[in-house]
Amino acid sequence: MNTLIKKITGNPEEDNLTISQAAAILKNNGLVAIPTETVYGLGGNAMDEGAAAKIYAAKGRPSDNPLIVHIAKVSDLTLLSDQVPEKAYALAERFWPGPLTMIVRKNKSVPYTVTGGLETVAVRLPSHEVARAVIEASGTFVAAPSANLSGRPSPTDAIHVIEDLDGRVDMIIDDGAIDIGVESTIVDLTEDIPVILRPGYVTKSMLEEVIGEVKLDQGLMASAPSDVKPKAPGMKYRHYAPEAELVIVEGEADKVLDRLLLLTAEGLECGKKVGIMVTSEHAPFFREGEVVILGKAGDNGQIARNLFAALRSFNGKNVDIIYSEAFSEEGIGQAVMNRLVKAAGHRIIKV
Ligand code: TXA
Ligand code: MG
């Protein structure tokens, strides 16, 4: 398949043309990769029974994993659900458009193929202007998972999407690097006490300020027993992973640095090519190895923005093993550590 790749240029005429081309493809049940504020999404027509199968074929995996339906305005929620809880409107008022996905009961119009057979649907109103313009112009809703090949880290720059999906989708819209860098927070509003199924930019305390008590799905925690499975079906897959084995070192900063230096030296001695993911404070201590800096310690926004690109960057470097420090879990840091722990397949050394 020939993939049309169009850059957002800032020139209104050019960009409007790009948006209408994308909208026409979606209307005709084609696939378009679009930028959002979290990560790039691989969009298809959410009202089309066949969209999910096409999307997963492009991602390289047959799947019954439910997709997030992206809408262009808050009132669209009532077109997807006949039972929108009050809390959803309160959250929409505060966080939409933005990086929050809400799970509500679906109505008849939403195909089961899109919800993976569930009676509920995940809905998000993105804040990225291009994403919203494309959804609006398509006259439908857009089902979109992250626009990466299955198993690879989510794409936070158009270059990642092109790497993974050129030739596999009808169109890719290139708006350069993404703002947030980790996927949206998912909150399930079908329970009496809402439950966070995936942490993201919008934290538990931000949600609680608006709707009172919110729980965190126990299956998400690094410490969860292996028989406690996450409730969002997609959270159980090996995800975000670089090709090489990734190991996290967690503990007090000085001890973490010492252990990382030791592990690096040991790895090099055995003839391994070692990758290292650290803060800019720790980076100068490493004289050898492939060092990738995520950001300053405590600058969790920057660390989130760089995480997936950093994981991806090791694939081109042919490293045998990657060691990462554990980063702060404040704010969006919880989402960063959730993704990092998954990428590491829960291999964590505590010091
Ligand atoms: O930021 C984001 O949310 C990005 C951008 C493109 O919007 N999208 C994204 O989609 O991350 P995806 O498919 O990679 O992740 C969707 C997650 C999966 O873990 C899936 O299992 C969960 O949402 N999910 C979707 N519908 C659900 C439902 N009805 N109940 C429970 N979990 C659901
Ligand atoms: Mg994904």
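Just follow the structure's listing: the first ligand is 1, and inside any ligand the first atom is 1. Computed from a prediction, not measured in an experiment: that's the story for all the values here.
- Residue contact annotation: Ser146 places an N/O/S atom under 2.8 Å from the Mg ion (ligand 2).
- Counted within 6.0 Å of CG on Asn11, heavy atoms from surrounding residues, nucleotides or ligands total more than 12; the atom is thus considered enclosed.
- Neither the backbone nor the side chain of Asp188 comes within 4.0 Å of ligand 1, counting heavy atoms alone.
- Judged by the 6.0 Å distance and 45° axis criteria, Lys106 is positioned over the aromatic ring of Tyr112.
- Atoms of ligand 1 lying under 4.0 Å from at least one heavy atom of Ile68, given by number and element, are 3 (O), 8 (N), 9 (C), 10 (O), 16 (C).
- Between Asp320 and Lys273 there is no salt bridge, since no side-chain N of the basic residue sits under 4.0 Å from a carboxylate O of the acidic one.
- Ligand 1 lies out of reach of Glu37, whose nearest heavy atom is not under 4.0 Å from it.
- When the heavy atoms of Asp217, Thr120, Val69, Val114 are ranked by distance to atom 29 (N) of ligand 1, first place goes to Thr120.
- Counting atoms of ligand 1 from 1 in the listed order, those under 4.0 Å from a heavy atom of Ile186 are 17 (C), 22 (C), 23 (O).
- Between the choices Val182, Val195, Ile103, Thr185, the shortest heavy-atom distance to atom 31 (C) of ligand 1 belongs to Ile103.
- When each of Thr115, Asp188, Val195, Leu189 is paired with Ile103, the side chain to side chain contact (heavy atoms under 4.5 Å, CB included) condition holds for Asp188 and for no other.
- Taking only nitrogen or oxygen atoms, main chain and side chain alike, Glu183 does not reach within less than 3.5 Å of ligand 1.
- Summarising the local packing, NZ of Lys255 is surrounded by 12 or fewer heavy atoms from other residues, nucleotides or ligands at distances under 6.0 Å.
- Listed here is the closest heavy atom pair of Pro194 and Glu213: CD-O, 3.6 Å.
- Here Glu14 does not pair with Lys6 in a salt bridge; the nearest charged N to carboxylate O distance is not below 4.0 Å.
- Atoms of ligand 1 lying under 4.0 Å from any heavy atom of Ala144, numbered from 1 in the order shown and given with element: 8 (N), 10 (O).
- Residue Ser184 approaches ligand 1 through these ligand atoms, each under 4.0 Å from one of its heavy atoms: 1 (O), 2 (C), 3 (O).
- Residue Thr115 places no heavy atom under 4.0 Å from ligand 1.
- Arg124 and Glu183 are not joined by a salt bridge, as no carboxylate oxygen comes within less than 4.0 angstrom of a charged side-chain nitrogen.
- Where the criterion is an N or O separation shorter than 3.5 Å, residue side chain and backbone included, Tyr40 fails it with respect to ligand 1.
- For Glu330, the CD atom sits in a loose shell: 12 or fewer heavy atoms of surrounding residues, nucleotides or ligands are nearer than 6.0 Å.
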Give the C-alpha distance, both sets of side-chain angles, the deciding distance and a yes or no for side chain to side chain donor-acceptor pair (under 3.5 Å) between Ser138 and Thr140. CA-CA 5 Å; Ser138 73; Thr140 182; 5.3 Å; no

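- For Thr36, no nitrogen or oxygen atom sits less than 3.5 Å from a nitrogen or oxygen atom of ligand 1, counting backbone and side chain alike.
- Using a 4.0 Å cut-off between charged nitrogen and carboxylate oxygen, Glu136 and Arg132 do not count as a salt-bridge pair.
- Here is the list of ligand 1 atoms found below 4.0 Å of a heavy atom in Arg198: 2 (C), 3 (O), 9 (C), 11 (O), 15 (O), 16 (C), 17 (C).
- Residue Leu118 has at least one heavy-atom neighbour below 4.0 Å for each of these atoms of ligand 1: 28 (C), 29 (N), 30 (N).
- Heavy-atom proximity to atom 26 (N) of ligand 1, evaluated over Ala131, Gly116, Pro126, Pro66, is greatest for Pro66.
- Per-residue contacts place Gly41 under 4.0 angstrom from the following atoms of ligand 1 (heavy atoms of the residue considered): 6 (C).
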